[in-house]
Amino acid sequence: MPDSPKDLPGRLLPRSFFEHSPELVAPRLLGKLLVALTGRVGAPLAGRIVEVEAYLGPHNDPPDPAAHTHRGPTPRNEVLFGPAGHAYVYAIYGRYFCMNISCEIEGRAGCVLLRALEPVSGRAKMAANRGLLPDATPSALTSGPSRLCQALGLTRKVHNRLDVTCATSRLQVRDDGCPVFEALVTVRIGIKHAVDWPLRFTLPDHKCVSGARNLTGTRLVLK
DNA sequence: ACTCGGATTCTCT
DNA sequence: GAGAATCCGAGTA
């Protein structure tokens, strides 16, 4: 017996949403929902995107030395050179995962790293996935690129390459109309190259934004 | 085949 | 604020 159709919040974002440069797509993703279906019958896990980073493809001048695609396609980053709107999930430090969404038109690479979410539904399940008590703070659940993967149960084996613009996908990005007027722009976190490129975007003063909240930045007005 | 280091997190001090 | 945990992808040979 297949799962009954799930009633997911908001509407699916179209692929065209992602067919632009990462620095354009990244701030537009703020306020959108990342929805992960568990595969079993039950409520999906959902979080609102509150912090992202753009990583630019090698066609840019100058190329982004911090991007995994810096030296061209490899077996690991191949999905980033394909069509936009697909998940790029990779393993880091032997124990964690990070989740990105591919951007640009097919043939050009680029992606947006999801760095923090605000839990929207399935908080108890997220806490269990993180090994925390059900009353854990929202920030403890999904504030950080690998924390959010753990909370939503995202792994490379299951979620890499998934199309986040597909209604039958286990991983989707949806728009529930939550208004976002402004983003804070800062440098990216935890990288060794291009450390001064302003490609990190956050919802200003949001409690679930990860770590370096005290970075100086500029305001970006979104239309 | 072998080395190196990483888009992190947690646990100390 | 520092150090450990811990594995695999990528680069070099």
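Residue numbers begin at 1 in each chain, while the letters A, B, ... track the order of the sequences.
- Under the 3.5 Å distance criterion, the side-chain polar atoms of N77(A) are matched with a main-chain donor or acceptor of G72(A).
- Here dC7(C) presents its C1' atom at 13 Å from NZ of K157(A), a figure rounded to the nearest Å.
- T74(A) has a side-chain polar atom (N or O) that falls below the 4.0 Å cut-off from OP1 or OP2 of dA10(C).
- Residue R71(A) has no polar side-chain atom (N or O) positioned under 4.0 Å from OP1 or OP2 of dG9(C).
- The CG-P distance, from L154(A) to dA7(B), rounds to 18 Å in whole Å.
- R11(A) pairs by the salt bridge (Lys or Arg N to Asp or Glu O under 4.0 Å) definition with nothing, not counting sequence neighbours.
- Contact check, R156(A) against dC8(C): no side-chain N or O comes under 4.0 Å of OP1 or OP2.
- Between E118(A) and H206(A), some side-chain heavy-atom pair lies under the 4.5 Å cut-off.
- Candidate nucleotides dG9(C), dA7(B), dC10(B) were compared by shortest atom distance to the side chain of C111(A), and dA7(B) ranks first.
- Between the CG atom of L132(A) and the C1' atom of dT9(B) there is a distance of 12 Å, rounded to whole Å.
- If you check distances only, the side chain of R95(A) does reach the base of dA5(C) with a donor-acceptor pair under 3.5 Å.
- Consecutive pairing runs in DNA chain B reach the stem threshold at B:1-6 with C:7-12, B:8-12 with C:1-5, where a stem means at least three Watson-Crick or G-U wobble pairs with distances under 3.5 Å.
- The nearest whole Å value for the distance from the CD atom in E53(A) to the C1' atom in dT8(B) is 12 Å.
- Between the P atom of dA7(B) and the CD atom of Q150(A) lies a distance of 19 Å, rounded to the nearest Å.
- Put simply, R76(A) has a side-chain N or O that comes within less than 4.0 Å of OP1 or OP2 on dA10(C).
- Atoms CZ and OG1, on F81(A) and T74(A) in that order, are 8.0 Å from each other to the nearest 0.5 Å.
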For nucleotides 3-6 of chain B, list the nitrogen or oxygen atoms of the protein found under 3.5 Å from its nitrogen or oxygen atoms, one pair per line.
| from | atom 1 | to | atom 2 | distance (Å) |
| --- | --- | --- | --- | --- |
| dG6(B) | OP2 | K192(A) | NZ | 3.0 |

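- Nearest-nucleotide positions on DNA chain B place I189(A) closer to the 5' end than the other of I189(A) and R130(A).
- Connection of L45(A) to L29(A) is established within a shared hydrophobic cluster, with ILVMFWY side chains joined at heavy-atom distances below 4.5 Å, either directly or through further cluster members.
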Evaluate L171(A) against M99(A) for side-chain contact (heavy atoms from CB on, under 4.5 Å), listing each step before the verdict.
CA-CA 11 Å; L171(A) 196 55; M99(A) 152 89 198; 3.8 Å; yes
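- Side-chain contact between V173(A) and F18(A) is present, with at least one heavy-atom pair separated by less than 4.5 Å.
- In this structure, the side chains of Y88(A) and N160(A) come closer than 4.5 Å at one or more pairs of heavy atoms.
- We find the CG-CD distance between L132(A) and Q150(A) to be 8.0 Å, quoted to the nearest 0.5 Å.
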